[in-house]
Amino acid sequence: MPSSTSPAVSLSGKRILLIISGGIAAYKSLDLIRRLRERGASVRPVMTAGAQAFVTPLAVGALSADKVFTELFSREDEQDVGHIRLARECDLVLVAPATANIMAKMAQGMTDDLASTILLATDRPVLLAPAMNPKMWSHPATRRNRDTLAGDGIAFVGPGLGEMAESGERGEGRMAEPLQIVAAVESCLEGSQPLAAPTTLPLSGRHAIVTSGPTHEPIDPVRYIANRSSGRQGHAIAAALARLGANVTLVSGPVTIADPAGVTVVPVQTAVEMRDAVLAALPADAAVMVAAVADWRVADVSGGKIKKAPGEAPPPLQLTENPDILKTVGHHAERPRIVVGFAAETDDPVANGRLKLARKGADIIVANDVSAGSGVAGGVMGGTRNRVTIIGRDGEETWPELDKEAVADRLAALIASRLA
Ligand code: C5P
């Protein structure tokens, strides 16, 4: 499936019961509803009294296209659906934001409102996206409750590091971003529970920009200059960073592989569009520039299809240099803390990678030999495996030949450790 702005319908037919409890992060639940629905899920909302102080049932109902349930002892609701049916007629119960209060009630099995009653009555998987002040999150009482809930099989996503909307305090407690929550919902429904442990993911609260794929530089309306990049390595890195909790913007040239889950994809065609999309996505904590950006573009793109005339010489193509996106980011006023570039070389990749590290202002260059004789089965460009050397300012390390996914996981872990 080609990269596009419309995400895959990965949650097609899934029924999510979304409990919104009272916290300022409730405003993000509106976007969360939209993200879940555009992936094919239906969202049935339940709001606590506290949640209604932050967002209105009218807005939640309009976005979910369903009735908003708020009362435990509402005659109308109980006759209509009933709290036991609400608790069971879904594939997953998602609590976002989950306040310290609702976690405490769940840990104690208390049922003093509709949300807590559903959470005790349900036999479905439950996923919590906690959101609270950092002091409340680190309080021993919340830690105890969190451990109890994890022991009960409740899954968690986040919270991440960040600034609190209301107090400006920094610390752990910020609700995971809607797309991270969507990725966690997908994992829970797949039966894999990578997020079941209540640990904060290493890149929670971090923003990473990744470029991937080739660029297409038009010659005329039907022809373009391109290269053999498949986007596999860049997309795998975006997915790996997202799995570690990062909020990832993937700026992708034209590719035929699927968009990774839980990542915001910005599709572009040309190097200039890619540069603009990357700069628009700043600030970020990390930038990983994997795209095989065309070095040159055609100076005067023809408005009409260039015709072949009998007896005439082929038209000359006047080229002009494209912006160097990695170099721009590496020297930018809002430079991310970690800037990673790739060096696809056919001659002496390590020596060339070293030169590139300095010239482009990068912290790490991932050098790979893309020559036909690189020894990697099937070739690196367009293939599924890669053998890379990680060149840092303080030395270099060659990894064994690995699947591109494994290279991505190792690189994401390295970025997380540098940012820690
Ligand atoms: O200079 P070279 O193209 O070999 O550098 C490769 C690295 O620079 C890759 O990380 C690639 O994504 C990045 N790059 C870029 N913009 C360009 C050319 C390369 O970001 N115009």
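Atoms within a ligand are numbered from 1 in the order they appear, just like the ligands themselves. One-based numbering along the sequence shown.
In summary, of the residues considered (Lys404, Gln233, Glu401), a side-chain hydrogen bond (donor to acceptor under 3.5 Å, both in side chains) with Asn386 occurs for Gln233 alone. Asp324 pairs with exactly one of His331, Arg359, Arg275, Lys360 by the side-chain hydrogen bond (donor to acceptor under 3.5 Å, both in side chains) rule, that one being Lys360.
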Do Phe69 and Met47 pass the side-chain contact (heavy atoms from CB on, under 4.5 Å) test, and can you show the C-alpha distance, the side-chain angles, and the key distance before you say yes or no?
CA-CA 6 Å; Phe69 294 82; Met47 295 177 75; over 6 Å; no
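The backbone N or O of Ser64 sits nowhere less than 3.5 Å from a side-chain atom of Arg44 that would complete a donor-acceptor pair.
Remark: Asp300 CG is loosely packed, at most 12 non-hydrogen atoms of other residues, nucleotides or ligands lying under 6.0 Å away. Atom CD of Gln318 is surrounded by 12 or fewer heavy atoms from other residues, nucleotides or ligands within 6.0 Å.
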List below, pair by pair, the N or O atoms of ligand 1 and of the protein that are less than 3.5 Å apart, including the distance to 0.1 Å; reply 'none' if no pair qualifies.
{"residue": "ligand 1", "atom": "1 (O)", "partner": "Lys360", "partner atom": "NZ", "Å": "2.9"}
{"residue": "ligand 1", "atom": "4 (O)", "partner": "Lys356", "partner atom": "NZ", "Å": "2.3"}
{"residue": "ligand 1", "atom": "5 (O)", "partner": "Lys360", "partner atom": "NZ", "Å": "3.0"}
{"residue": "ligand 1", "atom": "8 (O)", "partner": "Lys360", "partner atom": "NZ", "Å": "3.1"}
{"residue": "ligand 1", "atom": "10 (O)", "partner": "Met289", "partner atom": "O", "Å": "2.5"}
{"residue": "ligand 1", "atom": "10 (O)", "partner": "Phe342", "partner atom": "N", "Å": "2.7"}
{"residue": "ligand 1", "atom": "10 (O)", "partner": "Phe342", "partner atom": "O", "Å": "3.3"}
{"residue": "ligand 1", "atom": "12 (O)", "partner": "Met289", "partner atom": "O", "Å": "3.1"}
{"residue": "ligand 1", "atom": "12 (O)", "partner": "Ala291", "partner atom": "O", "Å": "2.6"}
{"residue": "ligand 1", "atom": "16 (N)", "partner": "Ile325", "partner atom": "N", "Å": "3.0"}
{"residue": "ligand 1", "atom": "20 (O)", "partner": "Ile325", "partner atom": "N", "Å": "3.4"}
{"residue": "ligand 1", "atom": "20 (O)", "partner": "Leu326", "partner atom": "N", "Å": "2.8"}
{"residue": "ligand 1", "atom": "21 (N)", "partner": "Pro323", "partner atom": "O", "Å": "2.8"}

